[in-house]
Amino acid sequence: MTLHASTCSTIDERLVAHCPHFGIAVPLGTRQGRVRAEDLGLVAICSSRWCAAATGSAHPVPLDTSRRTSFLAIPYSMVCSAFLPLTLTLIAAWCSFLLGEPTGGVTLVVTLVTLLFFNVAHEFGHFAALWLVESTSQHAHFISRLGFGHLIRPVLRGWREAAVVIAGPATAAAFASLLSIGFSTQSHTKVVSFLLIAIGVGHLSTLALPHGDGANLRTALHRRAAD
């Protein structure tokens with residue numbers, strides 16, 4: 001397990017990681033503490049991106065809102081992290097082709113790539129909103145695992161926090177809506193249109209969940225009301 005140096009500076013003699021960017025200290029002496037630290041991207045089991053992709057472990061990538069190259073880091077990181085499920089899907093598709101059932105294999109690959117695309121759009125929306133609403137340079141890092149990801153960043157003040165939280169699901173839903181309109185023009189692709197709408201609704205529904213975007217949104221609204 002290695003310390004994410006861009007986020008946490010030191011580990012003291014009590015095995016506590018000190019992370020000044022976020023103003024927190026995370027104990028690493030217990031399994032629960034190590035799991036939490038890995039989920040937050042404060043430490044990494046694998047030091048390399050491809051090691052993390054092959055083992056399905058989390059891999060933190062430092063981001064900076066003052067650098068536009070950070071926008072490319074998010075899709076690249078998520079695609080790399082999906083190496084294991086993509087490989088298994090391609091093997092299953094190849095076996096399906098050998099068995100004379102190519103349709104099933106193609107459907108499986110297209111489904112996985114589509115879900116990965118919308119996951120990327122979701123996280124890209126969060127970071128794009130952070131770049132738009134916060135003029136000063138903001139330290140953040142991105143955690144990717146098995147084609148999923150989440151952005152770890154300092155909490156913003158006022159309406160900016162809610163805007164960044166909502167932007168992720170809204171971006172994915174917007175892409176789903178635009179694509180569904182295109183597929184709805186043909187009668188034989190209307191099923192695809194309905195599936196795209198379902199994906200968009202699924203991303204928006206994360207704002208109502210008790211964790212993740214939903215929890216962040218409620219916290220932002222309560223803080224805004226208190227101000």
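- Linking Ile, Leu, Val, Met, Phe, Trp and Tyr residues whenever their side-chain heavy atoms come within less than 4.5 Å places Phe175 and Leu115 in a single cluster.
- Considering only heavy atoms from C-beta on, Glu161 stays 4.5 Å or farther from Leu217 through its side chain.
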Exercise for the section: Could you walk me through whether Leu130 and Arg153 pass the side chain to side chain contact (heavy atoms under 4.5 Å, CB included) test, one step at a time? Expected result: CA-CA 9 Å; Leu130 179 64; Arg153 56 179 176 78; 4.2 Å; yes

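- Here the side chains of Leu179 and Phe118 are in contact, with some heavy-atom distance below 4.5 Å.
- Hydrophobic clustering (ILVMFWY, side-chain heavy atoms < 4.5 Å, transitive): Phe124 and Val164 are in one cluster.
- Paired with Phe183 under the rule side chain to side chain contact (heavy atoms under 4.5 Å, CB included), one option of Ile197, Val191, Val192 passes, and it is Val192.
- When ring centroids are compared, Phe142 and Phe127 stay outside the 6.0 Å threshold.
- Each of Arg218, His203, His126, His150 was compared with Asp213 under the side chain to side chain contact (heavy atoms under 4.5 Å, CB included) criterion, and only His126 meets it.
- Put simply, the residue from Thr111, Leu84, Leu108 that forms a side chain to side chain contact (heavy atoms under 4.5 Å, CB included) with Thr89 is Leu108.
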Handout entry: Derivation of the side chain to side chain contact (heavy atoms under 4.5 Å, CB included) call for Trp131 and Phe71
Key = CA-CA 10 Å; Trp131 177 73; Phe71 284 95; 3.7 Å; yes

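- The shortest heavy-atom contact between Leu204 and Ala173 is CG-CB, 3.7 Å.
- The heavy-atom pair separating Ala163 from Val133 by the smallest distance is CB-CG1, 4.5 Å.
- In this structure, the side chains of Ser96 and Glu101 come closer than 4.5 Å at one or more pairs of heavy atoms.
- Here the CD1-CG distance, from Ile74 to Asn119, works out to 12.5 Å after rounding to the nearest 0.5 Å.
- Minimum interatomic distance between Leu146 and Pro85 (heavy atoms only, all atoms of both residues): CD2-CD, 3.9 Å.
- Counting only distance, with no hydrogens or angles, the side chain of Ser144 and the backbone of Met78 share no donor-acceptor pair below 3.5 Å.
- Going from atom CG of Leu196 over to atom OG1 of Thr114 covers 7.0 Å, rounded to the nearest 0.5 Å.
- Distance check: Leu112 CG to Leu86 CG gives 5.0 Å after rounding to the nearest 0.5 Å.
- Atom CH2 of Trp94 is surrounded by 12 or fewer heavy atoms from other residues, nucleotides or ligands within 6.0 Å.
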